[in-house]
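Here's the structure, in structure tokens; my notes come after.
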There are 2 protein chains.
Amino acid sequence: MSERRPQSDMTREVELLWELRGTARRGPKPKLSREAVIRAAVTVADAEGLEGVSMQRVAGELGFTTMSLYRHVDSKEDLLVLMVDAAMAQDPPEPRADADWRAGIGEWVAGVHGIYRRHPWVVFAAVFGPPLGPNGLRWMEAALRELVRSGLNTGEAVQVLMTISSVVRDTCRIEFDMRRAAEAAGATLAEHERAHALSLSRVVAPERFPTIAAMLDDGVMAAGPGEATTPTEDMSFSLERILDGVELYVERQGRAPAPPAPR
Amino acid sequence: MSERRPQSDMTREVELLWELRGTARRGPKPKLSREAVIRAAVTVADAEGLEGVSMQRVAGELGFTTMSLYRHVDSKEDLLVLMVDAAMAQDPPEPRADADWRAGIGEWVAGVHGIYRRHPWVVFAAVFGPPLGPNGLRWMEAALRELVRSGLNTGEAVQVLMTISSVVRDTCRIEFDMRRAAEAAGATLAEHERAHALSLSRVVAPERFPTIAAMLDDGVMAAGPGEATTPTEDMSFSLERILDGVELYVERQGRAPAPPAPR
DNA sequence: CTAGATATGTGTATGATCTAAACTAATTCG
DNA sequence: CGAATTAGTTTAGATCATACACATATCTAG
């Protein structure tokens with residue numbers, strides 16, 4: 001009935017990301033490659049954000065026609081999926097010799113955060129679902145490896161990883177978005193936060209929104225000039241709570257974290 | 001310099017959501033209203049998802065021309081912001097008499113989850129940043145009210161709320177996305193999960209991805225026929241860990257949760 | 001070595017989409 | 001009443017993804 005290919009079929013996505021396809025032998029040698037297309041697209045996104053990434057723009061970057069891209073990528077949506085995995089090409093942190101899984105997760109989060117800072121568009125990409133590409137899976141493996149060390153089983157570790165990933169991504173989303181808005185208005189992030197808190201306080205009636213009003217009074221959204229806590233700095237509070245919760249759970253279950261590797 | 005209006009200026013967004021604008025008195029009586037436009041857009045989104053929401057489609061729903069919408073809404077992006085707030089019109093849970101803040105958060109999460117189930121497109125809307133509209137703020141207030149009861153200060157409560165919101169939204173995103181893909185393939189969610197696990201297992205080499213491989217062996221992604229745990233059911237594990245972490249933190253700080261309201 | 005098969009990149013075209021701008025008609029204030 | 005103002009319409013433009021037919025380069029079977 002429906003001729004339309006489903007928007008995101010995981011099986012198809014896996015094949016896409018792992019290039020499980022026969023390579024052609026007949027015809028002219030390709031001057032362009034999927035790799036080059038992805039690289040160009042990432043370059044454009046790094047420079048101009050996701051809005052800048054159009055098929056024409058990417059093709060122009062490469063000096064080819066728009067339609068040439070479709071020889072190497074089935075659709076723009078596919079290209080986006082590939083871009084996101086490509087952005088994670090950096091190596092995730094190695095396992096720690098001291099088996100300190102909390103520190104390990106800290107390094108992992110710092111690594112992801114670094115990727116997001118280098119490629120801010122990644123957090124805005126409409127790519128849902130778990131990672132499926134080679135790079136995404138390497139990062140997933142690195143995080144799960146630390147989490148199971150804490151004493152969680154694999155299913156629990158996946159849940160906790162999803163939580164951590166969500167927090168990091170969402171926090172960066174908010175920070176990057178606010179930073180962009182601030183820059184567009186020609187202000188610093190802190191100035192923008194102040195302005196925002198002010199405009200909020202105009203509609204937050206203390207009777208209807210007592211807690212939010214208290215929060216604004218406490219200057220939560222707008223730190224003083226010197227302090228200037230960015231959302232990403234605040235993030236560590238949530239992360240510590242999550243890891244505390246994990247630790248407590250493992251203890252209560254009578255399990256124990258894995259000992260350091262013997263030398 | 002830049003003539004372009006910033007994509008998301010919070011101050012502007014607050015004004016938008018709270019309709020801080022003078023009402024006209026001259027000219028013909030409006031037959032359309034912002035309210036009607038939003039309602040129609042939400043109807044379309046409920047029925048066909050966000051992809052179905054085009055200005056022409058919404059206008060058609062109302063029996064007006066496409067351009068008529070622009071008298072009541074500045075841009076499609078604005079409409080989206082308004083739609084998201086409109087979807088949260090339902091009342092958040094009341095404060096509990098027993099002051100059990102963990103149960104309170106549980107009710108809040110259930111409420112948000114209900115909204116997402118009724119309006120699945122909300123979790124896919126490209127609306128970043130904290131809630132700013134009347135309904136979004138009511139829900140935020142309800143959650144913060146419970147969280148500060150636990151003994152957190154307002155800043156900490158905001159952090160924890162962001163974490164909880166992220167988890168709920170991301171979990172629903174994944175579930176809805178997978179459900180859509182499953183339906184498109186004419187399968188159930190469980191079948192689809194199995195198929196996905198299978199295709200993953202083809203690329204997950206146990207040497208490179210030992211933990212993920214173990215996870216697949218444990219059947220984490222594909223529960224047995226009878227069990228069929230949905231992502232949203234698994235979510236509660238993460239939530240309990242977060243709340244455990246909060247409780248532990250409050251204790252360690254020597255603070256205490258608020259007692260039940262005196263009668 | 002040649003001829004058909006096949007893949008590459010190009011040119012052209014289509015349909016969707018958002019939205020700017022000029023226009024018509026209704027309404028109200030002075 | 002008449003000028004000002006506003007609602008909805010018409011028309012048109014810009015951008016975008018992508019389908020399709022084509023010329024051309026390369027490989028492989030005979």
Side-chain angles (χ1 to χ4, degrees), chain A residues 2-8 16 19 21-38 40-41 44-45 48-83 125-126, chain B residues 2-8 12 16 19 21-38 40-41 44-45 48-83 121 125-126:
Chain A
S2 93
E3 193 56 64
R4 197 125 185 74
R5 134 170 63 86
Q7 279 185 301
S8 117
L16 168 72
E19 306 205 60
R21 45 166 52 191
T23 315
R25 26 191 54 76
R26 291 249 256 242
K29 310 213 150 112
K31 322 182 80 162
L32 208 53
S33 67
R34 167 174 293 190
E35 267 309 299
V37 171
I38 299 169
V44 172
E48 304 166 35
L50 271 190
E51 290 76 24
V53 179
S54 71
M55 297 305 263
Q56 14 258 323
R57 181 79 184 68
V58 174
E61 194 75 8
L62 290 161
F64 286 81
T65 45
T66 307
M67 289 310 290
S68 68
L69 304 187
Y70 286 92
R71 287 284 165 201
H72 304 94
V73 148
D74 276 352
S75 67
K76 190 184 178 182
E77 238 185 297
D78 278 10
L79 176 54
L80 247 140
V81 170
L82 292 163
M83 287 170 65
Chain B
S2 93
E3 193 55 62
R4 194 124 187 75
R5 134 170 63 86
Q7 277 184 302
S8 116
R12 203 186 63 83
L16 168 72
E19 305 205 59
R21 46 166 52 191
T23 315
R25 27 192 51 77
R26 294 246 255 251
K29 311 212 149 116
K31 324 184 78 165
L32 249 185
S33 68
R34 166 174 293 190
E35 266 310 298
V37 171
I38 299 170
V44 173
E48 303 166 34
L50 270 189
E51 290 76 25
V53 178
S54 71
M55 296 307 262
Q56 15 258 321
R57 180 80 185 66
V58 174
E61 195 75 9
L62 291 161
F64 286 82
T65 46
T66 307
M67 290 309 290
S68 69
L69 304 188
Y70 286 92
R71 287 281 165 199
H72 303 93
V73 148
D74 276 352
S75 68
K76 189 184 178 182
E77 238 185 295
D78 278 10
L79 176 55
L80 248 143
V81 170
L82 292 163
M83 286 169 66
W121 50 269

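The stretch residues 59-69 of chain A participates, sequence neighbours left out, in these salt bridge (charged side-chain N to carboxylate O under 4.0 Å, His left out) pairs: A:Arg57-A:Glu61.
Considering all non-hydrogen atoms of both residues, B:Ala45 and B:Met83 come closest at CB-CE, 3.8 Å. Scanning both residues, A:Gly52 and A:Val44, for their nearest heavy atoms gives O-CG1, 3.6 Å. Scanning both residues, B:Met55 and B:Leu79, for their nearest heavy atoms gives SD-CD2, 4.2 Å.
Dashed line: the shortest gap from a side-chain N or O of B:Gln56 to OP1 or OP2 of C:dA16 is not under 4.0 Å.
Rounded to whole angstrom, the span from the NE2 atom of A:His72 across to the P atom of D:dT18 amounts to 16 Å. The CG-P distance, from B:Leu80 to C:dC18, rounds to 10 Å in whole Å. One can place CG of B:Leu79 at 15 Å from P of C:dT17, the figure rounded to the nearest angstrom. Distance CZ (A:Arg34) to C1' (C:dA7): 15 Å, rounded to an integer number of Å. Going from atom CG of B:Leu32 over to atom C1' of D:dG8 covers 8 Å, rounded to whole Å. The CE atom of A:Met55 sits 17 Å away from the C1' atom of C:dT12 (whole-angstrom rounding). Straight-line distance from the CD atom of A:Glu77 to the P atom of D:dC16: 17 Å, rounded to whole Å. The OH atom of A:Tyr70 sits 6 Å away from the P atom of D:dA17 (whole-angstrom rounding).
Residue A:Ser54 has its side chain nearest to D:dA17 when only D:dC22, D:dA17, C:dC23 are considered.
Considering only residues two or more places apart in sequence or on other chains, A:Phe64 meets the side-chain contact (heavy atoms from CB on, under 4.5 Å) condition with A:Lys31, A:Leu32, A:Leu62, A:Ser68. Residues meeting the side-chain contact (heavy atoms from CB on, under 4.5 Å) test with B:Ala126, sequence neighbours left out: B:Phe128.
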Run the side chain to side chain contact (heavy atoms under 4.5 Å, CB included) check on B:Lys76 and B:Val58 step by step: do they pass? CA-CA 11 Å; B:Lys76 189 184 178 182; B:Val58 174; over 6 Å; no
Before giving the answer on side chain to side chain contact (heavy atoms under 4.5 Å, CB included), spell out for B:Leu50 and B:Leu80 the whole-Å C-alpha distance, their side-chain angles and the decisive distance to 0.1 Å. CA-CA 9 Å; B:Leu50 270 189; B:Leu80 248 143; 4.1 Å; yes
With sugar-phosphate taken as primed atoms, P, OP1 and OP2 and all else as base, the protein-contact string of nucleotides 24-30 of chain C at under 4.0 Å (heavy atoms; B, S, -) is --BBBS-
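For residues 59-69 of chain A, proximity to DNA chain D is found at A:Thr66, A:Met67, defined as any non-hydrogen atom under 4.0 angstrom from a strand atom.
Put simply, CZ on B:Arg12 and CG on B:Asp78 are 4.5 Å apart, with the number rounded to the nearest 0.5 Å.
Both A:Pro30 and B:Lys76 sit near DNA chain C, but only A:Pro30 has its closest nucleotide nearer the 5' end.
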